[in-house]
Amino acid sequence: MFLKILEITPTSVLTFRKVPMSHKIINTYNFIPPTTLSGFLYRLLKLGRGEELPTPKKFKSEKPEINEYYILETKKETIGIFSLGAYPVDLKSSVTFKSFRMGYQHLGKGHSLADGLDIFDPSYENVINLITQKIRDGQLKDDNLGKFQEEFEKSRYNKYYKRGVFKAVMQGYGVPTFQAFKKEERRQPLDWHFCFAERFYGFLISEDPNLLNMFDDVENYGYKIGKEGFAYISKVHKTSELVEANGEFVSSTIIPTTSTGIRLKKISEVESVYYFDLKTQKLARDMFALNGTLAEGGFYKAILDGLEISVPKVTVNLLKGV
Amino acid sequence: MQDVQNYWGVNDVGKRINMDIYAIVEATQELHFGNVKDLNVNRIELVTVPRIDGEIEKLYMSPTKVRGVARRALLWKLYELGDENVKSCGIPATCGKCDLCKLFGGLMTTVGEEEGSIASRVFQAGGVAIQEVSPEIKQRLSSPTYIIDGQIGQYDKNKIKQLLSERGVKGDVLNRLSQPMPYEKEYVVASALFPIYWHALLLEIEKENRKMSEPQMVAYSFLETLKRIGAGHPKGVEIFHYNWLGNGEEPVLVIDIYKEPLGKRPIISPMETDVKKAIVEFAKKAKMYNNVDNKFERYMGESAHELLRMLASGEKTESKLLNS
């Protein structure tokens, strides 16, 4: 097993949103999660080679495929490389600070995102059927059907308008015009947390050292990372070999708390983190003990440029899908 | 959305140019960057910096705040130049069709079928002050103002009482007029130095049929932001001038235009609290670059400032990469 260490220097404060997400508090991890590092590095590889970047996607209506995501572990040229995330030298060299921000929330009039109406999310046919039924029952005038079709087109197929019509007709009112159905915006106060660290050390592992040498070319490249902030690769360390060992160690990476085969003696902190499950080809979530955790069990170790790296076997196995 | 997809679809990698701006700016007077309001105290935002010997708090010019100003400055300029598209664009309802959205990004959530998002290609960073100084606290007075029939009354309470009683307001109500309310306001101290960094990925360097070319937009918004930064009054920062290249006082400013990052990025460690050391670090890194096959151009000091001014005004520059 081989290890590549990349020194990542942020030029600003960073935000990596914690799961589960909250609307009111934008919370951040104090390290770069494996999935974020994986996407960031793949983008840098593409930038370095002058390859195309992704085109914007329509969201909500169009679900992205896994192969469209920037995941090193799934790409042809980088298959066999696993991202373990990036961590500050120790927990003390990274802090979060809280900042107050004003976000915006869009609302259809009388229909907030939280009013539960989105559960219905009626299709176009549903609305048409409801209006026809009400006309048949004599509760609505005949011209309402045409009016809906006309106004829906005017709204450029706005789903909030569609929901609004559904609600109004259900309540026994006529079809409102799109003009009458004004959109409301309201300010949404947020507590935004930022992570602050001078540098992170990113870890990549692979059985094949040549694969890892590919990352020698991304030195000094940078791009946006996480939800907020910019970082660049300030140094790429030489690929080094990891030696298998057994016993007590202080982990340099996250450790799944649910795994057997390792004894967690002193957990520094726990977080719920997403990782890419190779077996199911889906993003999965698990509880992890953060770096700096004292554990006992099988691990890989390396000493490089004065840095002592210990990677628990259970983390590697989880990410490898073994 | 279709426009946008075509726009990104072009994605001519040969023409892709990076433009980075590194500068140290100075608060030319007090500045206010608001944070949560306490009772009668307007706080400013501070950033917590981890150090080997514990955490310290520093003044902070948040990149998110710089970004907002930059976007608005550009919006107004494009509007002034007669760009029709930007008229229906703005935060929070970004249109996703104008040149501004294509560069600064957009989020379209309420336009029905065309819902989507565009990733930004300009990133503001830095903003952690160099010096370790505490905010300055000043006493301010919030005076209630009454406007009656177009007449403005402020301190003259008796006149307001008279005007109100002429209109039939009687009794105790007249004694309930608001009093001037003192409050405290925190300020960033004048001469605080902030390193700020901008990173941009430009896809279309030619102006073509747009009002402004992408490098022009970045340069213009950077220069324009400097004088507009800060909440309320007073506003504005200026690029710090110092003899850092050995040719007399020059702006502490570095512009990189490149296809490959062949220069060391002049980033100052946020842990640094000594101004001289910080500038030495900046200068040392700024001088470390090489230009292989015209892939990297670095402008420093006065020549960098001149390049920005030329770009912002849409003039032809000496940059080979931008003219290729």
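Keep in mind that the numbers below use all heavy atoms, side chains included, and drop hydrogens, waters and symmetry copies. In what follows, chains are A, B, ... by sequence order, proteins preceding strands, each numbered from 1.
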Whatever's closer than 4.5 Å to a heavy atom in chain A on B/Glu55 counts as side chain
Strictly distance-based, threshold 3.5 Å: is any side-chain N or O of A/Thr36 a donor or acceptor partner for the main-chain N or O of A/Gly226? no
When the 4.5 angstrom heavy-atom criterion is applied to B/Val49 and chain A, the contacting part is both
If one checks every heavy atom of A/Tyr221 against chain B at 4.5 Å, the contacting part turns out to be both
So, the part of B/Lys264 with a heavy atom under 4.5 Å from chain A: the answer is backbone
Applying a strict 4.5 Å limit to non-hydrogen atoms, the region of A/Glu219 in contact with chain B is backbone
Counting heavy-atom pairs under 4.5 angstrom with chain B, the leader among A/Thr96, A/Asn220, A/Val13, A/Leu47 is A/Asn220
Would you say that A/Arg17 contacts A/Ile26 through its side chain, given a criterion of any heavy-atom pair below 4.5 Å between the two side chains? yes
If one checks every heavy atom of B/Glu45 against chain A at 4.5 Å, the contacting part turns out to be side chain
So, the part of B/Leu46 with a heavy atom under 4.5 Å from chain A: the answer is backbone
### Within-4.5 Å side-chain heavy-atom neighbours: A/Asn291 and A/Ser268
no
Exercise. Would you please say whether a donor-acceptor pair under 3.5 Å links the side chains of B/Arg265 and A/Thr9?
Key: no
I'd like to know if the side chain of B/Arg121 and the backbone of B/Lys102 have a donor-acceptor N/O pair within less than 3.5 Å.
yes
Verify the distance criterion only: is there a donor paired with an acceptor across the side chains of A/Arg101 and B/Thr64 at less than 3.5 Å? yes
Most contact-rich option vs chain A, by heavy-atom pairs under 4.5 angstrom, among B/Pro261, B/Gly126, B/Pro270, is B/Pro261
In A/Tyr201, A/Tyr87, A/Phe200, the residue satisfying ring-ring contact (aromatic ring centres under 6.0 Å, His included) with A/Phe31 is A/Tyr87
